[in-house]
Amino acid sequence: MIGTGYVGLVSGTCFADIGHTVYCVDNNNDKIKKLNYGETPIYEPGLDELIKVNTRAKRLFFTSNLSEAVNKSNIIFICVGTPSKKNSKSVDLTYVLKAAKEIAKISKNRKIIVTKSTVPVGTGDLLEKKFKNKKKFDVISNPEFLREGDAIRDFRYPDRIIIGSNTVNSFKTMKNLYLPLINKGAKFFTTNRRGAELIKYASNAFLATKITFINEIANLCEKTGINIEDISLGMGSDTRIGSRFLRAGPAYGGSCFPKDTKGLIYIADKEKIELSIVKSVIKSNHNRKSLLLKRIDKILGKNLKNKKIAFLGVTFKPNTDDMRDAVSLYMIPNLHKKKAIISYYDPTGEKKEFSKLKNCFFYSDINDALKDTDLIILHTEWDEFKSLDFKTLRKKKNFIIYDLRNLYNVNQMKMNKIKYFSIGRPPTN
Ligand code: UGA
């Protein structure tokens with residue numbers, strides 16, 4: 001596994017856990033050192049333990065020695081980052097190309113090279129062409145569909161395993177690799193290389209569309225006194241629609257949907273194909289963030305000077321410490337600009353992203369973060385927020401709750417006489 005970021009580390013560890021011998025390589029020596037000391041660089045439930053078990057069993061190794069790892073392996077996964085280029089929709093393939101070049105230089109015999117990183121359609125072709133004269137590569141696309149926070153379960157029980165290859169032999173090798181999962185019922189699906197590359201983008205864009213759709217319907221619910229949860233349930237019960245990814249919320253975030261929707265537009269633009277739906281999704285998701293700020297103006301009044309606002313959770317979703325494209329990155333600086341005083345608590349600790357804001361304070365204790373607050377914004381639906389005792393808290397000072405994840409029960413809030421707003425559901429008064 002080349003790259004011990006989220007994709008490489010989780011997939012590598014899980015491959016070791018189903019019995020393979022795995023070398024996880026990274027050019028960041030410090031990271032490798034820490035991994036070898038048993039320190040996990042990312043927060044992912046269950047990963048620490050799985051790394052320990054598999055390193056102890058001598059199936060999982062961390063190294064900076066690319067040559068050793070490559071030459072001891074039959075299959076090489078490229079799992080390096082493919083970020084969006086700055087101020088552009090295009091995908092930066094620098095790290096992928098660099099990794100492939102190095103592998104080509106040092107590998108002594110024929111290898112299967114797999115792109116697991118999300119790469120634009122045609123990247124496999126590009127890699128093959130670039131290193132054609134070396135004749136050592138069989139380039140395959142095997143996109144990953146792991147969700148942060150649920151990654152280990154998603155690896156063990158995948159909805160599908162997709163292998164895109166232009167040669168038949170590689171399918172067999174890849175099927176063998178995944179056999180322990182296939183034997184347990186995982187669907188193994190083969191297509192050509194470009195097909196697999198596009199399935200990944202199309203899947204993420206479709207899920208982003210589903211979320212954006214329900215978020216817009218939630219806006220309509222707010223105006224018409226309808227409960228969005230009834231709509232999600234009513235729609236989702238139709239098996240053609242499905243209930244997952246129909247939870248209305250603040251706006252989608254994370255390291256994938258924002259980047260991959262833009263990436264898909266970039267791919268289509270190059271082919272002069274108009275993906276108007278995906279374009280609208282990107283725009284709607286962006287607009288949603290300012291919509292939330294307008295709603296706060298309505299809740300607290302336009303003058304936010306010295307108003308105390310507490311955030312519960314700031315990561316883009318629960319069970320991760322990932323801040324990439326979290327909605328809080330938009331909301332907190334904007335509320336701060338309006339001179340509000342921000343406090344926040346997050347189970348994964350303080351975030352460097354807010355360290356430059358003068359009136360933004362992290363508290364390692366929830367009660368301290370909520371003390372004297374005017375407005376509590378439930379930003380990330382961590383389990384530990386589910387049973388907070390707002391009734392007792394309210395005795396000290398009255399506050400309003402704005403629940404961006406519909407975590408709490410409206411009737412319960414009504415009973416506790418708490419002024420409560422959420423997404424697409426009628427407020428308490
Ligand atoms: C996503 C995909 O779900 C994975 O299948 C894919 O492998 C991954 O991207 C990737 O491309 O690597 P992830 O970004 O970890 O996974 O997180 P999701 O659980 O998909 O959530 C993405 C965003 O949508 C979050 O901001 C989440 O809060 C939001 N969301 C999700 C909703 O607002 N409503 C929902 O019903 C579901």
Side-chain angles (χ1 to χ4, degrees), residues 1 3-18 24 40-54 60 77 79 81 116-118 142-162 178 180-182 184-189 199-201 203-211 214 232 236 242-261 312-328 346-349 378-386 404-407:
M1 313 297 296
T4 56
Y6 197 84
V7 175
L9 188 57
V10 175
S11 308
T13 305
C14 290
F15 275 130
D17 200 52
I18 57 170
C24 288
T40 312
I42 53 168
Y43 177 90
E44 177 64 34
L47 186 62
D48 264 350
E49 193 47 38
L50 222 54
I51 291 180
K52 261 186 218 134
V53 168
N54 287 286
L60 179 63
F77 283 88
C79 306
K116 204 149 200 37
S117 311
T118 303
N142 170 214
E144 61 86 18
F145 299 101
L146 310 177
R147 285 164 306 158
E148 291 187 18
D150 290 296
I152 292 168
R153 207 190 57 196
D154 284 351
F155 183 94
R156 288 177 172 163
Y157 307 102
D159 288 334
R160 75 296 206 193
I161 296 160
I162 291 184
Y178 280 107
L181 303 181
I182 296 167
K184 275 196 313 189
K187 201 164 156 189
F188 183 78
F189 180 81
I199 286 170
K200 169 68 189 202
Y201 278 98
S203 300
N204 273 1
F206 188 78
L207 291 171
T209 305
K210 239 182 141 178
I211 296 167
I214 206 69
S232 296
S243 58
R244 295 175 76 193
F245 282 71
L246 271 189
R247 261 185 304 112
Y252 63 75
S255 63
C256 304
F257 290 173
K259 169 176 80 75
D260 293 347
T261 41
L312 286 176
V314 288
T315 53
F316 85 95
K317 68 171 196 176
N319 299 322
T320 178
D321 56 356
D322 201 337
M323 286 296 291
R324 283 177 288 178
D325 263 300
V327 173
S328 64
D346 192 281
T348 59
L378 187 288
H379 175 275
T380 317
E381 68 278 32
W382 287 86
D383 276 348
E384 67 179 90
F385 301 149
K386 282 183 180 163
L404 304 184
R405 304 287 183 165
N406 292 350
L407 191 67

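Excluded from the calculations below are hydrogen atoms, water molecules and symmetry mates; all remaining heavy atoms, backbone and side chain alike, are included.
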What are the two closest heavy atoms between [X] and [Y], and how far apart are they?
X: Thr380; Y: Lys317; value: CG2-C, 3.1 Å
X: Ile161; Y: Ala186; value: CD1-CB, 3.9 Å
X: Gly253; Y: Pro258; value: O-CD, 3.7 Å
X: Ala251; Y: Val327; value: O-CG2, 3.5 Å

Atom [atom1] in [X], atom [atom2] in [Y]: separation rounded to 0.5 Å?
X: Thr320; Y: Glu44; atom1: OG1; atom2: CD; result: 7.0 Å
X: Leu50; Y: Arg156; atom1: CG; atom2: CZ; result: 5.5 Å
X: Lys184; Y: Ile182; atom1: NZ; atom2: CD1; result: 12.0 Å
X: Leu378; Y: Leu312; atom1: CG; atom2: CG; result: 5.5 Å
X: Thr40; Y: Ile51; atom1: OG1; atom2: CD1; result: 4.0 Å

Has Lys187 got more than 12 heavy atoms of other residues, nucleotides or ligands less than 6.0 Å from its NZ?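 No, NZ of Lys187 has 12 or fewer neighbouring heavy atoms, counting only those of other groups under 6.0 Å.
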Any donor-acceptor pair under 3.5 Å from [X] side chain to [Y] backbone:
X: Arg160; Y: Phe188; answer: no
X: Lys210; Y: Gly242; answer: yes
X: Ser11; Y: Gly8; answer: no

For Asp321, salt bridge (charged side-chain N to carboxylate O under 4.0 Å, His left out) partners two or more places apart: none
What residues, two or more places apart in sequence or in another chain, satisfy salt bridge (charged side-chain N to carboxylate O under 4.0 Å, His left out) together with Arg324? Glu148, Asp322
CA sep, side-chain torsions, deciding dist, call: Ser328, Met323, side chain to side chain contact (heavy atoms under 4.5 Å, CB included): CA-CA 8 Å; Ser328 64; Met323 286 296 291; 3.7 Å; yes
Pair Tyr43 + Tyr6: ring centers closer than 6.0 Å: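 No, ring centres 6.0 Å or more apart.
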Identify the residue among Ile152, Leu146, Asp154 that makes a side chain to side chain contact (heavy atoms under 4.5 Å, CB included) with Asp150. Asp154
Hey, does [Y] have a side-chain heavy atom less than 4.5 Å from the side chain of [X]?
X: Phe385; Y: Pro347; answer: yes
X: Thr4; Y: Pro41; answer: no
X: Trp382; Y: Thr315; answer: yes

Would Glu144 and Lys200 count as a salt bridge (Lys or Arg N to Asp or Glu O under 4.0 Å) if you check the C-alpha gap in whole Å, the side-chain angles of each, and the deciding distance to 0.1 Å? CA-CA 8 Å; Glu144 61 86 18; Lys200 169 68 189 202; 3.7 Å; yes
Give the intermediate values and the outcome of side chain to side chain contact (heavy atoms under 4.5 Å, CB included) for residues Ile214 and Ser232. CA-CA 8 Å; Ile214 206 69; Ser232 296; 3.7 Å; yes
On the 0 to 90° scale, with breaks at 30° and 60°, tag the Phe15-Phe155 ring pair as parallel, tilted or perpendicular.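 Geometry flag for Phe155 against Phe15: perpendicular rings.
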Full working for side chain to side chain contact (heavy atoms under 4.5 Å, CB included) between Asn142 and Phe77: CA-CA 9 Å; Asn142 170 214; Phe77 283 88; 3.5 Å; yes
Between Asp325 and Lys259, does any NZ, NE, NH1 or NH2 come within less than 4.0 Å of an OD or OE carboxylate oxygen? no
Would you check, one step at a time, whether the test side chain to side chain contact (heavy atoms under 4.5 Å, CB included) holds for Ile199 with Phe145? CA-CA 10 Å; Ile199 286 170; Phe145 299 101; 4.1 Å; yes
